[in-house]
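Heads up, the thing below is written out as structure tokens.
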Amino acid sequence: MTTLELPQPTPQPLADPAPLPGQPLLPDGLAGWLAAGTAAALAGCGGGDGAAPPEAFLQRESARPDRSILAVPQAAGSAAAAPVPTATELFDWAEAHYADLLPGHPANQSSPPYTYRFYATTGNYLGVADNVVYLYGPASAGVLQNVGTLADFAPLVLATRYAYTDAQAARFLLHATLAASDAEIASVRALGYNAWLDQEFAKPATNANWDYLVSKGYHTNPDAAAVAMGVDSQVWQRLLSATDSLRQRVAFALSEIFVVGFDGVNGPYKQFQLAGFWDLLSANAFGNFRTLLEQVTLNPAMGGYLNTAGNQKEDAATGRLPDENYAREVMQLFTIGLYELNPDGTPKLGANGQPIESYTQDTVSQLARVFTGWNLSRPRGETGPEFMRRPMALTATLHSTLAASFLGTTVPANTEGSAALKTALDTLANHANVGPFIGRQLIQRLVTSNPSAAYVGRVAAAFNNNGQGVRGDMKAVLRAILLDDEARSDAGLAATGFGKLREPVLRMVQWARSFNATSSSGDWLVGNTSDPATRLGQSPQRSASVFNFFRPGYVPPNTPIASQTLVAPEFQITNESSVAGYLNSMQTAVGNGHADIKPNYSTELTLAADPAALVDRLNLLLCAGQLGAATRSLIVSTVSGMAATSSTDKANRVYAAVMLVMSCPEYLIQR
């Protein structure tokens, strides 16, 4: 038996390993990893269950000498060796996940055939020889243990870089985009997450919503100014058909933070206002937050929605004061939130033990002065909607000349309006709250409703500095959200509190994209799906208020979610009526198409005679393989009980399988 030629350490009492939140202690199918040795060590110290690992487990010579390397198929169908971690990567991962056993970050050492690290405070050695991982010390009861190969650990060590199964790739895609497909699953597995993101970030934005309206002639239609023709189609066509799915997924998330809703938009050409606003969000999805904030502030739709357009300076003679609506919401909802935050998003507490407010009413009143003098930029005599996508213009005589003090900054009296605006937006964008406040909401929209403070902190750190000294880089923020261990680890599949309720709009979009739906008319006539009784209970760009369809901190009352002090934002629009409305709406869509949206089930129809294969395909595309065994068995059994003789029979099998999957809890709760 090979051992390290180093002094044997004195066994020390050990605490249980401390994995990251939600990280499983034992990787199933591997050689016990650290836990078996830990149990023996604890037993020797009067702790643990007293069970010693079997003798065969401890003998290196009895280990299998040639374990096969897991294969990752290329997009073209060929196979290549899956990425395998280096010894250093394995050591770093183990230290992060088992800090009690392997504390600190010692340097690599060499004693052929080993590369190893020694952890002096616990007396443990972790080494790699010939691609096999060994543990020696108190954690292994003083006996050298073979705990697996580097390849065995690859899916854990490299979880944030590569998908080792189709289900992992599909899960990533359902966090990052609007649907998974066979081609995208293969692409993610072939490229790895980082390279796939680089590819998506490099894609130019698809045809704008504005351009769609123009292509339909609405810009020259005299009725379009007063009648909201095309108002829903302009956004549905982008969500259902655009090839830049990551960008559109992020645009949808941003539309639920920087909210502009149909009912609150003022003035003519509502369809063009909303189209221009979505285009703005889409264009800035991978840009810089400071740029996004300024463009949102000066956007005509937002100007009308929160009263910046036409906002005038104070007038002592009439008692007029600047409108405070945007000044309040740009702080409360778009940048810093109500309370001062620590870098990990937890609230700072005052001497009284209560959260510290981020701003006061005086802050709002002072900041409101900055947002005066701005209005729509529409030259005299211009016809058509073009002014609804130009940034608002400043009329200097209507801008407040008073000094404005807010958030530790003062805009001196008589400061020119554009300069005052720049100071205000710089102050807001550089506030310490922005990273954790915006980062947490983006995590909620893309990955999970209840991210750990550590997860929020890592995302906020990426917001504060993208690694090159740039603050507010949205690409860095998105990469941090989507590639965090908390997002990518399979531990989240079973962790209590991880995941989120899929929004009804995203369910509809996922269905249409998963089955290559097209518009029979070319007009994408989905319409307004807001009615909870007969439709989805949610429709893009139709939030009833600036507070979105649901609040990020919503807690369903009198539920286990509440008793566990968790939040579940999407449940705010979930009730008996909306659940039935979703099922009825989707039943019509799945079988007959939604309005003129027609799916293509050609691949699924080839599997109709094999219900198990059909359900497995739907499980992968819709649920990323997360159907429970009992649910899968029930759906397979139900579909198997249906006739499969005629083409109509086979189509009905597909419709039933799709509908049943999209109605089950494992689908509705996205993990």
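A cation-pi contact, defined as under 6.0 Å to the ring centre and within 45° of the axis, links Arg542 to Phe262. The side-chain tip of Arg488 does not point at the ring of Phe172 from less than 6.0 angstrom away and within 45° of straight on. Cation-pi contact between Arg502 and Tyr667: present, with separation from the ring centre below 6.0 Å and deviation from the ring axis of at most 45°.
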Checklist entry - Under the side-chain contact (heavy atoms from CB on, under 4.5 Å) criterion, do Arg513 and Val509 qualify, and how do the steps go? => result CA-CA 6 Å; Arg513 283 178 168 266; Val509 172; 3.9 Å; yes

Item to check | Derivation of the side-chain contact (heavy atoms from CB on, under 4.5 Å) call for Val447 and Ile481 | outcome: CA-CA 8 Å; Val447 179; Ile481 290 171; 3.9 Å; yes

Next on the checklist: Apply side-chain contact (heavy atoms from CB on, under 4.5 Å) to residues Phe550 and Glu256 and explain how you reach the verdict.
Outcome noted: CA-CA 9 Å; Phe550 38 75; Glu256 296 188 325; 3.9 Å; yes

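Aromatic pair Phe406/Tyr359: ring centres not closer than 6.0 Å.
In this structure, Phe387 and Tyr269 have perpendicular ring planes: the angle between them is above 60°, well past the 30° mark. The aromatic rings of Phe258 and Phe289 are tilted relative to each other, their planes meeting at an angle between 30° and 60°. The aromatic rings of Phe498 and His175 stand perpendicular to each other, their planes meeting at an angle above 60°, with 30° marking the opposite boundary.
Closest approach of Leu274 to Gln234, counting heavy atoms only: CB-NE2, 3.8 Å. The two atoms that bring Ser543 and Ser545 nearest to each other are OG-O, 2.7 Å, heavy atoms only. Of all the heavy atoms in Ser539 and Asp232, the pair that sits closest is OG-OD1, 4.2 Å.
In this structure, Ser449 has no side chain to side chain donor-acceptor pair (under 3.5 Å) partners at least two apart in sequence or on a different chain.
Of the possible polar contacts, none joining the Gln670 side chain to the Leu501 backbone as a donor-acceptor pair under 3.5 Å is found. Listed for the Thr297 side chain is a donor-acceptor partner under 3.5 Å among the backbone atoms of Leu293. Between the side chain of Arg671 and the backbone N or O of Ala495, at least one donor-acceptor pair lies under 3.5 Å.
Around the CG atom of Asp315, the shell of radius 6.0 Å holds more than 12 heavy atoms that belong to other residues, nucleotides or ligands.
Asn342 and Thr346 share a donor-acceptor pair across their side chains, judged by distance under 3.5 Å alone. Checking Glu486 against Ser452 by side-chain atom types alone, a donor-acceptor pair falls below 3.5 Å.
The pair Lys422-Glu294 fails the salt-bridge criterion, with no side-chain N (NZ, NE, NH1 or NH2) lying under 4.0 Å from an Asp/Glu carboxylate O. Salt-bridge formation is detected for the pair Glu570/Arg445: a Lys NZ or Arg NE/NH1/NH2 atom is positioned less than 4.0 Å from an Asp or Glu carboxylate oxygen. With respect to the salt-bridge test (charged N to carboxylate O, under 4.0 angstrom), the residues Asp244 and Arg249 do not qualify. A salt bridge links Asp279 with Arg238: the closest approach of a Lys/Arg side-chain nitrogen to an acidic carboxylate oxygen falls below 4.0 angstrom.
Separating the CD1 atom in Ile257 from the CG atom in Leu442 is a distance of 4.0 Å, to the nearest 0.5 Å. Thr308 OG1 to Met302 CE: the interatomic distance, rounded to the nearest 0.5 Å, is 8.0 Å. Here the CD1-CD distance, from Ile573 to Glu503, works out to 6.5 Å after rounding to the nearest 0.5 Å. Atom CG of Asn288 sits about 9.0 Å away from atom NZ of Lys475, to the nearest 0.5 Å.
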